[in-house]
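Step one of this worksheet: look at the structure below.
Chain A is the first sequence line, chain B the second, and so forth, proteins listed ahead of strands; every chain is numbered from 1.
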Amino acid sequence: MRTAATLLAAALLAASPALAGDAALPDGCAACHALEKPTGDALGHVTGRNGPDLHYAGSKFKRDWLVDWLQKPETIRPGGAFFMNAAKPGAPRDVLDPAKLAKHPVLTRAEAEKAADALMAKTAPDLVPPGGAKGEKPNERMAQMSFGKLRGCSACHQATPGEGGVSGPELHSAGRRLQPDFIAAYIRDPQKIDPRVWMPSVAISEPDVQKLTGWLSQRGLAETNQGDAKP
Amino acid sequence: MIRFLLPGAAALLLLAAVPAGAADLTRAARNYDAYCAQCHGVNRDGKGVNTAAMAVQPRDHTDAKGMESLPDDQIFKAIKDGGLGVNKSVLMPAWGSVMSDAEIKDLVAYLRQVCKCGPGR
């Protein structure tokens with residue numbers, strides 16, 4: 001009987017791998033993150049969520065970074081999940097109120113490893129085609145020009161700390177945090193991955209996608225982020 | 001009785017919210033907060049959180065004099081095709097992939113409300 005129950009449980013887990021994966025995540029993740037693809041009012045979703053969607057986390061993040069970050073969470077979005085929730089009028093310009101930023105729970109190394117494994121199982125090849133990044137060698141000068149003057153990415157993102165806009169996630173740690181295929185897919189069509197988000201899909205040539213991807217994929221790689229909260 | 005009244009009441013409320021043919025300014029304000037305010041500011045005055053390092057400062061939408069010099073179709077094109085579409089800065093993105101033409105049209109009407117001005121006066 002016990003064997004039959006074990007077999008049944010194993011069969012159920014095998015039949016629904018997503019459920020098995022999400023069940024390994026700490027309680028509370030789903031309160032702020034979409035673990036399944038959202039449906040309905042897309043604008044309401046992106047402006048109402050408290051953290052980025054994780055239903056494609058396995059196609060987005062690097063596992064080592066996840067393990068480190070979950071033990072020592074640092075701000076990635078200076079204005080939080082939706083900048084308007086933290087923005088207030090100021091002089092000479094609007095300011096972000098750090099008190100409005102939600103604090104991410106700190107996990108132990110064991111919890112972080114388990115959560116990272118569960119998140120890495122959540123792949124979405126329909127949104128992030130494997131092999132989309134061609135591993136182009138970065139050309140610092142050309143890429144910086146593309147990121148700034150030519151494409152205007154710097155209006156919302158910082159590829160160097162303190163330089164650029166703050167309504168989008170920082171990209172100076174993009175190379176440690178993000179898979180190159182995700183970077184390429186998101187530049188190509190952010191609205192496909194994150195419908196109604198405040199980054200439009202624009203006409204950009206594939207060579208330019210690869211130039212930016214090759215450069216961003218190297219951002220922060222030289223740094224290390226060894227968490228202090230190891231057991 | 002209530003069951004029969006409610007759908008009618010809901011329909012009346014909807015009609016009251018957006019008269020036929022009128023711009024949906026509530027939806028436009030919501031879109032402004034999501035897409036425009038990051039650069040054009042919480043108060044719509046061009047002082048958004050992203051503007052610190054910008055070589056070209058975003059337009060102040062409360063500036064009646066500056067705004068009334070712009071025809072509606074040029075504002076529509078600037079939102080849909082971005083700054084480059086109207087020979088302005090690349091820092092103004094093209095929002096045509098995010099908002100429908102109807103939403104952008106509502107946004108133009110909303111901007112007229114914000115600037116308290118009309119085109120070409």
Q | salt bridge (Lys or Arg N to Asp or Glu O under 4.0 Å) between D45(B) and R93(A), intermediate numbers included | A | CA-CA 9 Å; D45(B) 54 5; R93(A) 66 187 57 82; over 6 Å; no
Q: Under 4.5 Å, counting heavy-atom pairs only, tell me which of G165(A), G152(A), P195(A), P200(A) racks up the most with chain B.
A: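 Answer, by heavy-atom pair count under 4.5 Å with chain B: P200(A).
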Q) Most heavy-atom pairs under 4.5 angstrom with chain B, which of L96(A), V46(A), L43(A)? A) L43(A)
Using every non-hydrogen atom in the two residues, find where [X] and [Y] come nearest and quote the distance to one decimal.
X: V42(B); Y: A87(A); value: CG2-CB, 3.9 Å
X: W95(B); Y: W198(A); value: CH2-O, 3.5 Å
X: V197(A); Y: Y35(B); value: O-CE2, 3.6 Å
X: A155(A); Y: L91(B); value: CB-CD2, 4.0 Å
X: A37(B); Y: M84(A); value: CB-SD, 3.6 Å

Q: Report, as yes or no, whether the 6.0 Å neighbourhood of atom CE on M142(A) holds more than 12 heavy atoms from other residues, nucleotides or ligands.
A: no
Q: May I ask you to name which of T51(B), L84(B), V49(B) has the most heavy-atom pairs under 4.5 Å with chain A?
A: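 Ranked by contacts with chain A, first place is V49(B).
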**Q.** Residue selection (most heavy-atom pairs with chain A, distance under 4.5 Å) from A34(B), C36(B), A53(B), S89(B)
**A.** A34(B)
For [X], is it the side chain, the backbone, both or neither that has a heavy atom under 4.5 Å from a heavy atom of chain B?
X: V166(A); value: both
X: P92(A); value: backbone
X: T47(A); value: side chain

**Q.** Contact check, side chains of V90(B) and K149(A), non-hydrogen atoms, under 4.5 Å
**A.** no
Q.
A side-chain contact here means heavy atoms from C-beta on lying under 4.5 Å apart; do C156(A) and Q38(B) qualify?
A.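 A side-chain contact under 4.5 Å exists here.
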Straight-line distance of [X] [atom1] to [Y] [atom2], nearest 0.5 Å:
X: R30(B); Y: D41(A); atom1: CZ; atom2: CG; answer: 4.5 Å
X: S97(B); Y: K192(A); atom1: OG; atom2: NZ; answer: 14.0 Å
X: Q158(A); Y: N50(B); atom1: CD; atom2: CG; answer: 9.0 Å
X: R196(A); Y: N31(B); atom1: CZ; atom2: CG; answer: 5.0 Å

